[in-house]
Amino acid sequence: MRINNFEEYQQAYKKSVEDPEGFWGEIANEFVWKKPFDKVLEWNFEEPNVKWFLGGKLNITENCLDRHVENKPQQTAIIWEPNDPSDEAVSLTYKVLHERVCRFANVLKKHGIKKGDRVCIYMPMIPELVVSVLACARIGAIHSVVFGGFSAKSISDRINDSQCKMVITSDGAVRGTKSIPMKETVDDAIVTCPSVEKVIVATRTRTPVSMIKGRDYWWEDEIKKVSADCPAEEMDAEDPLFILYTSGSTGKPKGVVHTCGGYMVYTTYSFVNAFQYNPGEVYFCTADIGWITGHSYIAYGPLAAGAINVMFEGVPTYPDAGRFWDIVDKHKVNIFYTAPTAIRALMGNGLEYLEGKDLSSLKVLGTVGEPINEEAWQWYHKYIGKEKCPIVDTWWQTETGGFMITPLAHITKTKPSYATLPLPGIQPALMDENGNEIEGNDVSGNLCIKFPWPSIIRTTWGDHERCKQVYFSSYPGKYFTGDGCLRDEDGYYRITGRVDDVINVSGHRIGTAEVEDALNMHLGVVESAVVGFPHDIKGQGIYAYMIMDKPVEDGEMLKKDILATVTRIIGPIAKPDHILFVNGLPKTRSGKIMRRILRKIAEGDVSNLGDTSTLLDPAVVDEIKAKVGLA
Ligand code: WT7
């Protein structure tokens with residue numbers, strides 16, 4: 001599975017296109033299967049219907065745990081670095097992790113969880129989170145991890161959408177100087193979730209929490225009542241492994257479904273190759289397991305590859321902006337993977353936080369989540385990588401399950417702000433506005449993928465039609481990513497950002513419609529329109545134009561109230577950075593909001609608003625311009 005030089009990459013790529021079944025079949029055979037697959041691939045992008053490794057039976061946890069326990073039981077699987085640097089880090093060997101997963105899997109079983117049941121996990125970055133995820137996979141329960149920053153309402157929407165029977169949470173969480181309630185938020189959420197029968201609560205902060213008899217159970221009590229022996233459930237390659245909700249252009253977040261076999265093969269393959277992971281190396285991904293990055297490149301990929309995985313509970317700026325570098329030095333991290341927003345934030349804190357940091361253990365740096373600007377790239381390269389570590393700019397999505405376009409560390413020549421070249425198996429296509437593929441180099445268009453890869457989204461939970469509409473209908477026969485992209489004269493790819501109504505705030509995907517729905521719930525709001533705008537640290541910020549039912553008097557207080565509503569409905573990550581109260585919104589005669597104009601105004605660029613002749617009432621644009629002082 002391992003590619004060792006550029007020539008091998010080219011050969012692998014060629015083979016993956018000419019003989020995809022032969023290519024992936026060989027790689028898949030390097031894993032532990034309970035029953036070998038009969039056929040590698042069956043697909044069409046019309047329904048869509050994609051199946052990999054048909055007839056194969058497996059359990060991903062045997063690949064992430066059991067096989068390493070056999071070969072290297074004493075190797076560290078996870079080094080958990082707590083929020084407070086003066087607390088001790090915790091190392092879990094593969095053997096210990098295996099035992100904890102099996103034990104907790106038995107707890108799940110004891111509480112009635114069976115193969116195919118959905119389990120919601122709402123937890124901070126503590127070892128119990130990884131244990132919960134893998135314990136679900138062990139018994140074939142489908143986990144739905146909800147990021148710890150989401151509100152009670154967001155949790156309940158997700159629980160209800162997939163009818164989770166159980167929630168796993170903790171009493172509280174600590175992030176930096178903040179102590180955050182978790183169980184309390186779950187309690188609020190499940191008031192409206194009749195499907196939830198049981199709640200398991202791990203202790204972290206030991207803050208007082210309500211515990212309801214017959215429904216709520218302490219993790220630490222339950223694990224004492226069960227054995228540490230739990231055979232892995234036999235799963236079909238195409239059985240769902242997990243659901244992860246993500247935002248789109250319209251409507252509520254949708255549950256992206258990944259399945260067992262293809263996801264395992266692809267996350268492992270992409271991890272090993274993009275980072276050129278060597279046995280014994282220490283890998284540190286700063287993402288939260290509540291997002292796809294944490295699923296694919298903390299929980300599953302690295303563990304399947306037998307890696308040493310650093311898991312960090314805290315934030316990059318606590319106790320100060322040198323924390324990541326302290327962790328790198330403390331645990332001798334070789335591969336460091338973070339988001340451009342974190343790099344920009346740390347860059348802004350100045351070089352003094354790098355004083356006294358060694359960083360000589362680093363060999364490879366990675367980024368993910370949003371386009372990385374050249375300045376951040378250069379800073380990362382110079383001050384963190386000391387100009388000797390390649391920057392692996394990994395472009396991918398929740399729906400792709402794993403890296404799609406990325407350099408291979410030390411193999412692909414990097415170029416600032418370019419994700420460079422597709423991994424073997426990935427066939428990108430740039431599309432023009434008429435739906436035709438644009439051939440050749442030095443071109444740009446909308447990015448599609450024209451052939452399936454093993455970890456492609458299979459469906460959106462409970463609504464296959466939505467999956468088809470969102471991803472497979474804009475360009476029939478192709479998967480549409482929602483991103484704009486250019487291919488330069490060398491055939492290198494550079495992602496330019498979303499072309500739909502999705503905003504990327506600090507690498508988190510937020511749908512404008514979702515924020516508008518939350519804003520519209522606030523007392524007195526008549527209508528709102530949300531757009532993204534360039535933000536120095538976050539990449540994009542959220543700009544909200546709002547019409548109220550009466551003239552606004554105490555605008556500052558009202559804004560705070562509105563932010564409180566958004567926090568309650570979605571969570572703090574969806575709070576607008578700017579709110580502008582307006583009397584009207586630019587709309588076409590058919591009533592469609594012209595976001596293009598609102599985006600320009602939010603960017604502070606009104607020199608060329610384009611064609612406004614189709615506007616219902618062009619005067620609203622002048623009013624808005626005057627309000628922001630741009631008239
Ligand atoms: C969207 C997917 C994939 C894990 C984190 C985000 C943007 C992601 C890059 C990159 C430019 C990137 C895209 C994509 N994106 N990585 N390296 N360069 N843009 O996952 O929440 O599913 O968001 O993030 O716009 O479509 P996600």
Side-chain angles (χ1 to χ4, degrees), residues 145-147 149-150 243-249 253-258 263 266-267 270-271 274-275 285-301 337-344 365-374 376-377 380 391-407 412 414-423 426 428 444 446-449 455-457 460 470-471 474 479-486 492-511 514 532 538-540 573-574:
V145 181
V146 178
F147 171 62
F150 279 118
I243 305 169
L244 185 58
Y245 285 84
T246 190
S247 297
S249 296
K254 46 196 176 295
V256 171
V257 176
H258 284 291
Y263 180 82
Y266 195 78
T267 52
S270 52
F271 171 78
F275 292 131
C285 167
T286 69
D288 192 290
I289 290 179
W291 307 107
I292 191 69
T293 307
H295 279 62
S296 301
Y297 299 109
I298 297 180
Y300 288 113
Y337 186 35
T338 196
T341 187
I343 299 166
R344 286 191 298 265
L365 301 176
T367 80
V368 62
E370 47 174 321
I372 179 164
N373 50 310
E374 173 127 18
W377 196 98
Y380 199 29
I391 296 180
V392 179
D393 180 353
T394 61
W395 171 79
W396 59 298
Q397 312 178 294
T398 305
E399 295 86 345
T400 71
F403 305 153
M404 300 291 282
I405 303 182
T406 175
T412 313
T414 61
K415 210 184 246 191
S417 64
Y418 279 76
T420 75
L421 298 170
L423 281 178
I426 307 306
S444 64
N446 286 352
L447 178 59
C448 285
I449 313 290
S455 63
I456 186 175
I457 178 176
T460 43
V470 174
Y471 306 105
S474 310
Y479 166 82
F480 176 45
T481 65
D483 280 317
C485 180
L486 64 81
Y492 268 37
Y493 290 85
R494 174 181 180 163
I495 310 301
T496 47
R498 302 288 305 195
V499 294
D500 53 9
D501 291 322
V502 169
I503 315 182
N504 191 327
V505 182
S506 303
H508 301 147
R509 238 161 102 171
I510 295 171
E514 227 182 307
K538 300 180 185 181
Q540 278 190 301
I573 56 170

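For ligands, and for the atoms within them, numbers begin at 1 and follow the listed sequence.
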For N504, take its heavy atoms, then give the atoms of ligand 1 lying under 4.0 Å from any of them. 7 (C), 24 (O)
Under 6.0 Å between ring centres: does that hold for Y245 and F150? no
Parallel, tilted or perpendicular for Y263 and H258, by the 30°/60° rule? tilted
To the nearest 0.1 Å, how far is atom 23 (O) of ligand 1 from its closest protein heavy atom, and which atom is that? R509 CD, 3.1 Å
So which protein heavy atom does atom 22 (O) of ligand 1 come closest to, and at what separation? T398 OG1, 2.5 Å
For I495, the ligand 1 atoms with a heavy-atom partner under 4.0 Å come out as 11 (C), 19 (N)
Residue, atom name and distance, where the atom is the protein heavy atom closest to atom 18 (N) of ligand 1: E370 O, 3.3 Å
Ligand 1 versus T394: contacting region, heavy-atom distance under 4.0 Å: backbone
Under 4.0 Å from a heavy atom of V368: give me the atoms of ligand 1 that qualify, with their elements. 3 (C), 4 (C), 5 (C)
Among all the protein's non-hydrogen atoms, which is closest to atom 4 (C) of ligand 1, and how far away is it? T293 OG1, 3.1 Å
When rounded to the nearest 0.5 angstrom, what distance separates CD1 in I405 from CD1 in I426? 8.5 Å
Could you tell me whether a side-chain N or O of S417 sits under 3.5 Å from a main-chain N or O of N373, the two making a donor and an acceptor? no
Closest to atom 1 (C) of ligand 1 (heavy atoms only, candidates E399, R498, M404) is R498
D483 contact mode with ligand 1 (heavy-atom cut-off under 4.0 Å): side chain
List ligand 1 atoms under 4.0 Å from D393, heavy atoms only on the residue side. 10 (C), 17 (N), 18 (N)
Side chain or backbone, does T481 bring an N or O within less than 3.5 Å of an N or O on ligand 1? no
Any chance the side chains of D483 and W395 put a donor and an acceptor closer than 3.5 Å? yes
To the nearest 0.5 Å, what is the distance between OH on Y493 and OG on S444? 12.0 Å
What distance separates S270 OG from W396 CH2, expressed to the nearest 0.5 Å? 8.0 Å
Can any side-chain N or O of T420 pair as donor or acceptor with the backbone N or O of T414 at less than 3.5 Å? no
Heavy-atom proximity to atom 8 (C) of ligand 1, best of S247, G369, S296: G369
For ligand 1, the portion of Q397 having any non-hydrogen atom under 4.0 Å away: both
The protein heavy atom nearest to atom 2 (C) of ligand 1 is W396 O, 3.7 Å
Proximity of T400 to ligand 1 by residue part, where a heavy atom lies under 4.0 Å: neither
F403 and F275 aromatic centres sub-6.0 Å: yes
Compute whether any side-chain donor of one residue and acceptor of the other, for T394 and Y337, lie under 3.5 angstrom apart. yes
